[in-house]
Each structure stands twice: as C-alpha cells, then as structure tokens.
2 protein chains.
Amino acid sequence: MTRPTIVHLAQAAGVSPTTVSHAFSGRRYVDPDTKARIVALAQEMGYRANPTARRLRSGGGGSVALVSSMPFAVAAGPSRLGFLMEIAASAAVTALSRNTTLCLVPPLERGSQLDALDVDGAIVVEPALDDSVLDFFFERAVPVVAIGRAPGRPDLPAVDLRSAETARLLLDHLGQQGQRVGLITGSQRRNSYIEMEAVYAAFCAEKGFTPAAMRIDERGGEDEAAVAVEAFLRQTPDIGALCVPVDAFAAGALRAAAALGLSVPDDLRLATRYDGMRARLASPQLTAVNLHLDQVAETAIDMLTGLIEGRSSSPKPIAAPLLVERASSARSSR
Amino acid sequence: MTRPTIVHLAQAAGVSPTTVSHAFSGRRYVDPDTKARIVALAQEMGYRANPTARRLRSGGGGSVALVSSMPFAVAAGPSRLGFLMEIAASAAVTALSRNTTLCLVPPLERGSQLDALDVDGAIVVEPALDDSVLDFFFERAVPVVAIGRAPGRPDLPAVDLRSAETARLLLDHLGQQGQRVGLITGSQRRNSYIEMEAVYAAFCAEKGFTPAAMRIDERGGEDEAAVAVEAFLRQTPDIGALCVPVDAFAAGALRAAAALGLSVPDDLRLATRYDGMRARLASPQLTAVNLHLDQVAETAIDMLTGLIEGRSSSPKPIAAPLLVERASSARSSR
DNA sequence: GCCGGTATGCAAAACGTTTTGCATACGAGC
DNA sequence: GCTCGTATGCAAAACGTTTTGCATACCGGC
C-alpha cells in the first residue's frame, strides 16, 4: 500500500538499488536490457524517486523563493497584484523550464515561522536599505539575487532595473514643454527611488527650477497617496507635471487631480513607472515605462541558478527601458 | 566552513544528537540547563536544522503547490494576472501562517520535467473536465483540493465557488428590464461554465426567450474574444445584455461593442464574474461579483492541510457571492 | 598462461535528521 | 538493603536516495 521505493523496484528487477539509480540517472553504464526491464517495471509499479531523499543526498536542487519586501497583505486590494505578481508569473515559467520550482513567500513579518522554507536560492524584489529579508537569507547561507540593486550592498548580485535611465526618460518626457515637474516616491529606501531622486535633482538643476518632491509611505497605498498628493498639489500649484513611479500612488494622484478639478493631461501631465494593468486600464491611461519584466525575471532566475551551481553569473543585460506614451501625458492642446 | 549539523552542535554542547533534537522539538523532556546551553550554542554557531533531512525522516511537511490549468504563459500580457494571482497572493499569506510554503506551478505542458516538484499537497484552480493536472498529482499520490468543483469528479475535495448563485445574480441583474441576455463562456469544460450555462438555460426558459450563448477558447484571450463577440453581436442584434464571466473576454466584449458603435450600458449592458482589477479599471467599469477569493484561498489551504494531516476536512462555507454594480450595467436611461 | 581492458554490477558509506527502546543515576518508601 | 518511580540522556535504527570504490567475468593479444 505504501509507495514503492528504489529497494522494492530493485528487488522486483533482480538488481541492486545502485543499478536502478544508475539506470535512471545515466551516470554509469547499465546494460540496455537491464535498463529496459527496470524502466518497464518502474512504470508498472508506479515507482517515482522520492525528491526529498534525492535532494538530501545530492544536496539542494530544485527550488527557489521569490520574495518581496513590499507590503503585500498590508496593502490589500488591487495593489497587491501588479509588479510582484507579474514577475512571479514570468519567474515561475522560467524556473520550471530550468526544472526548478518557485516558492512564493509573502513579506516576512516579525516572528514568522519560516523553518519550512527549504530553498536553494532566493530572488528578492526591490530590497530596501537594511532589508531584513536579505538578512534572513544571509543567515541561512542561501544565495540571493536582487531585482533592482540593493541599497548599501553594491556587492549583491542583482538584475539592474536601469532606474536612472527610466527616470530620465520620464522626466524628459514630462517636462518637454517646459513644465515644472514634481516627483512622488516612496519613503522606503529602495534603489529605484534613490536613483530617481538623484536624477530628478540633476534634472531640476539643469532646467533651473526648484525641486518639488515628496515621499509617501508605501503601506498607505492608493488612498493615502490620494490625500497626500492633493495636499502636495495645493502647496505647489505651479506644478504642470508629476512623475509618480509607484503605480498605486499614480492612481491616487489621478484622484487628487480630479478632486482639485485639474484635468489630466491638460492641467497636469502624469506618468508612472511600471506599465502594468493599472497603468493601462486607468482613465486616462497612464504613460509608463516598459521595464521588460519578463526578461528581468528570466535573467534573475538564470543568475540565481548560476550562483547556486557555483558558476559565475553571466550578467546578461536587460533591454533599455522604453517609454510608453499614453493619454495621461499627451501633449497639451492648450 | 560548511554549515554546522546537529552532530557538531551536539559535540560542542557535550551531549548526543538525540538530546539536541529533543531540546528543539520538545518531544521529550530535557534538563532546562542543558536545553539553555544547547540553544545558546546553536545561536552562536548559527546552527539551523536542515529542512530536507527533517522532512525525509518525518515525512512530508511544509509545502503545497498552487496550479492552474488555465493558460498563463500562453495568454500573455495582462490576462496572466488576475484570478490566479489574487488567489496566489492570499494563499501564500495563509499558507505561511500555517507554516507552509506555496509553490507556484505554471500550467504543465506536455513533457514538462516536474521531478523537482516536492510538495505535500496541491491546490488546483478551476480544473477542467479530464484535466491532466489532476492526473499528474493522482499519480504521485499527492492530495488535491480544487478551487471550483472538478467536473466529472464529484468526490474530489473542493472549495465551491457557488457558480450557480453567481450566474443567477448576474442574469437577474442583467435582465431586470426585460432585455434579452446573451452568455459568453469558455470552450474548456470548467465547472463554473457548466453551472452558468445550466442556470442560463433555465433562466431563458423562465423568461421565455431563445438562448444566445457562445463559447470561446481561453487561449485566444481578449483579442480573440473581441473578434468573436463582435460577430456574435452582429448575428443577434436584439441582445440587450451580455453575461461574460471571463474578465478577459469581457474586456474583449467592450472592444466589440465599441467597434459596433454600441454604447455600454445604454445599448448593451455588460457584466463579468471576477471582480478584479480588470473589472474595476475598465471603462466603463464592469459590474462584477465579489467571490471572496481571500476566503476561498484560505479555506482551500485549510482543507488541504487537513487532508494532508489525515484530518477530515471541515467544509467551512464561503460567503455568498455579492453583486458589485458598476457603470457597465447601470440602469438604462433611455 | 599471463596481462590489460572493457562490460556489468554490487556493497557500503554517505546525506542530517527524528524516533524508539534502553540505560544509568538518584532519591524515596518500605 | 531492596524496589520503584522519575529524571536525564544515549545508541542505533530508520527515512530513500546517490556516489564511490571494488569485484567479477569475459575477451583479445602476446
């Protein structure tokens, strides 16, 4: 009744477990007849190697974690989809094609019991400065690849999201008619915010206008952003364009504009970073950037498997970010 | 340099591995002083039990798979988010709180190497008739819980999505002003389609109008739906309302209506099933149903862990589906 | 008749835990 | 002094693989 093991199969085939193992792994020669007999018998008995035993002996093999340090249960509702999940979808596909499974790990809260987490590596999405998620894996000596560089850890293998370029793309586009451009980022210290803020500072200096930037706590999501952006716009009424990399915040900004009677894009041009459903289906549709997340996910998985197997990671570059112009930043007709 | 094992720790503490094991598991009494010493030393040495070894000895423990048989790489773009991913997010959170990890498994294509998949159970989202995903797990004697009953397998544990009620809700709403209502489902044989089609037949008989239904292959996604629905509407011009449970198809239906110069909701009232981002951010927003997917995911995880541990599954019921009225089916003003 | 090579397969030692049955020591009760 | 419970801990056997070194048999060449 119990599941057949390699010993049962070996007995049935009249050979040793060693031979059975070799027959399947191909690591040593096995007489073709013998092998055929074993395979046929395995089929018949429904034998299937126990993956746990296999990985105990052979060390690791077969699964990586995908983790975000962004709130994901906290910011309930639609915002928990999007960026992370799009990466998850691509990464799962890629991982599977590398014969690896992908474990989805929600943000680690303090006291989370994660002993069960048994992975050979981890992909951490947009780690923040001093991110405890990174420590968690370091303690366990689990190799990590970050998506988006890890602030304060220039040595950590990462897939570069090219945030500086992305920022430049957005800002140049938003300010192309001479508008004063504002910037809304998150208060968490993620590399994309940091790079964007730096590019923004340079941009302002170049154009000769005073920076108008604000940071919002990610945990508040769209609602908090709507309130905060409204206050921000009241305070800086000469802002003609707003760069809002977090799509949930951009949705909040749309609401803020509406509340103030500002028309988008005529009174306020708006653009966000991640070209996901939120950007595509907002009204008006949001100008955004194609970050090639499918490539990013694939590259991250490849780097990680490389790291796990001790190969030096090939830093396959991601295609340059691509501006996707939409109605929210259409050239003003006024 | 290598990671310390229980033997190293035992040596360092001057006890046997047995005692160390008991100190952590609490399955036998260990002198408090000894235990404290062991724990302190473990901390210092960075000892952490190897989960693989643990599960080999103790049998299973710690991970479940989430699988959809819906195309997910095939239907690229935005449609690969949504339903499955919302469930994934909730399920991952619930799973973690049960000290279990969630593996995301993309649709199994023929020949997929899934030997690495080492899970104690699986949640299959909306299985179709004769779904090969189910066979895959049966072969491996992995317990399965379905989300949405499995057609042809009334015995399979499942979380009921209450599709009949959902259908009734949508149809009654759409037909409330006497319109003739059409139905668009998927050509795959999933329980929700089957139930909806049955309710629809009864509904038509009741109201005394000829059914107008169509099935579309899911793999075509929104684009194929746009084309198909346009043809469908041309052919049955007296349709005043359309029930389109698949949100990607509903988005296609919107495009079809626009192409035909039909205004939604004035000329055509529209409603879909899953109240996700797609419904909320479409223009006009789509009337949809709150299926309580967070509850569904949590219940599925609970049933599955129950099944794995041999407990009889407690069939905690899901809250009744709730109609969320939006602009796409607003009461016609004409 | 001996040597070297190839073909085929096995025994036994890992891998790092958990679990079970047994052992020792010690104090209390008689 | 003997028995008995309780406190504490250990040895050894699992769990199901993979891996490594060794064994046997056979064949051809000298």
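Since the model is a prediction, treat every value here as computed from it, not as a measurement. Each chain gets a letter, A, B and so on, in the order the sequences are listed, and its residues count up from 1.
- A 4.5 Å side-chain heavy-atom check between Pro127(B) and Arg190(B) finds every atom pair outside the cut-off.
- Atom pair Leu56(A):CG and dC15(D):P shows a separation of 14 Å (rounding to whole Å applied).
- One interatomic measurement links the two molecules: NE2 of His22(A) to P of dT18(D), which rounds to 10 Å at whole-angstrom precision.
- For Arg149(A), the side chain to side chain contact (heavy atoms under 4.5 Å, CB included) criterion is met by Ala158(A), Asp160(A), Asn191(A), not counting sequence neighbours.
- When the P atom of dC10(D) is taken as reference, atom CG of Asp31(B) falls 11 Å away, rounded to whole Å.
- Separating the CZ atom of Arg55(A) from the P atom of dG16(C) is a distance of 14 Å, rounded to the nearest angstrom.
- In this structure, Thr5(A) reaches the sugar-phosphate backbone alone: every heavy-atom distance under 4.0 Å involves primed, P, OP1 or OP2 atoms, never a base.
- Checked by distance alone, Arg28(B) brings a side-chain donor or acceptor within 3.5 Å of a matching partner on the base of dG21(C).
- Asn50(A) has its CG atom 14 Å from the C1' atom of dA14(D), to the nearest Å.
- You'll find that the side chain of Tyr29(B) is closest to dT8(D), out of dT8(D), dT19(C), dG9(D).
- Residue Tyr47(A) is in sugar-phosphate contact alone, with no base atom involved, counting any heavy-atom pair closer than 4.0 Å across all strands shown.
- Of the N and O atoms on the side chains of Glu218(A) and Tyr193(A), at least one donor lies less than 3.5 Å from an acceptor on the other residue.
- Where Ser16(A) and Ala53(B) meet DNA chain C, the nucleotide closest to each residue was compared, and Ser16(A) sits on the side nearer the 5' end.
- Whole-Å rounding puts the Ile6(B) CD1 to dC10(D) C1' distance at 13 Å.
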Handout entry: side chain to side chain contact (heavy atoms under 4.5 Å, CB included) assessment of Phe24(B) paired with Thr19(B)
Key = CA-CA 9 Å; Phe24(B) 286 120; Thr19(B) 304; over 6 Å; no
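- If you check dA11(D), dC10(C), dA13(D) against the side chain of Thr18(B), the one that comes closest is dA11(D).
- The nearest whole Å value for the distance from the CG atom in Asp118(A) to the C1' atom in dC15(C) is 13 Å.
- A cation-pi arrangement is absent between Arg140(A) and Phe138(A) under the rule of less than 6.0 angstrom and at most 45 degrees off the ring axis.
- Contact annotation: Arg27(A) reaches the phosphate of dT19(D) (side-chain N/O to OP1 or OP2, under 4.0 Å).
- The interatomic distance linking Arg48(A) (CZ) with dT17(D) (P) rounds to 12 Å, in whole Å.
- Judged by closest nucleotide on DNA chain D, Thr34(B) is the one of Thr34(B) and Ser21(A) placed further toward the 5' end.
- Checking Arg57(A) against Ser58(B), the closest nucleotide of DNA chain D that is more toward the 5' end is the one next to Ser58(B).
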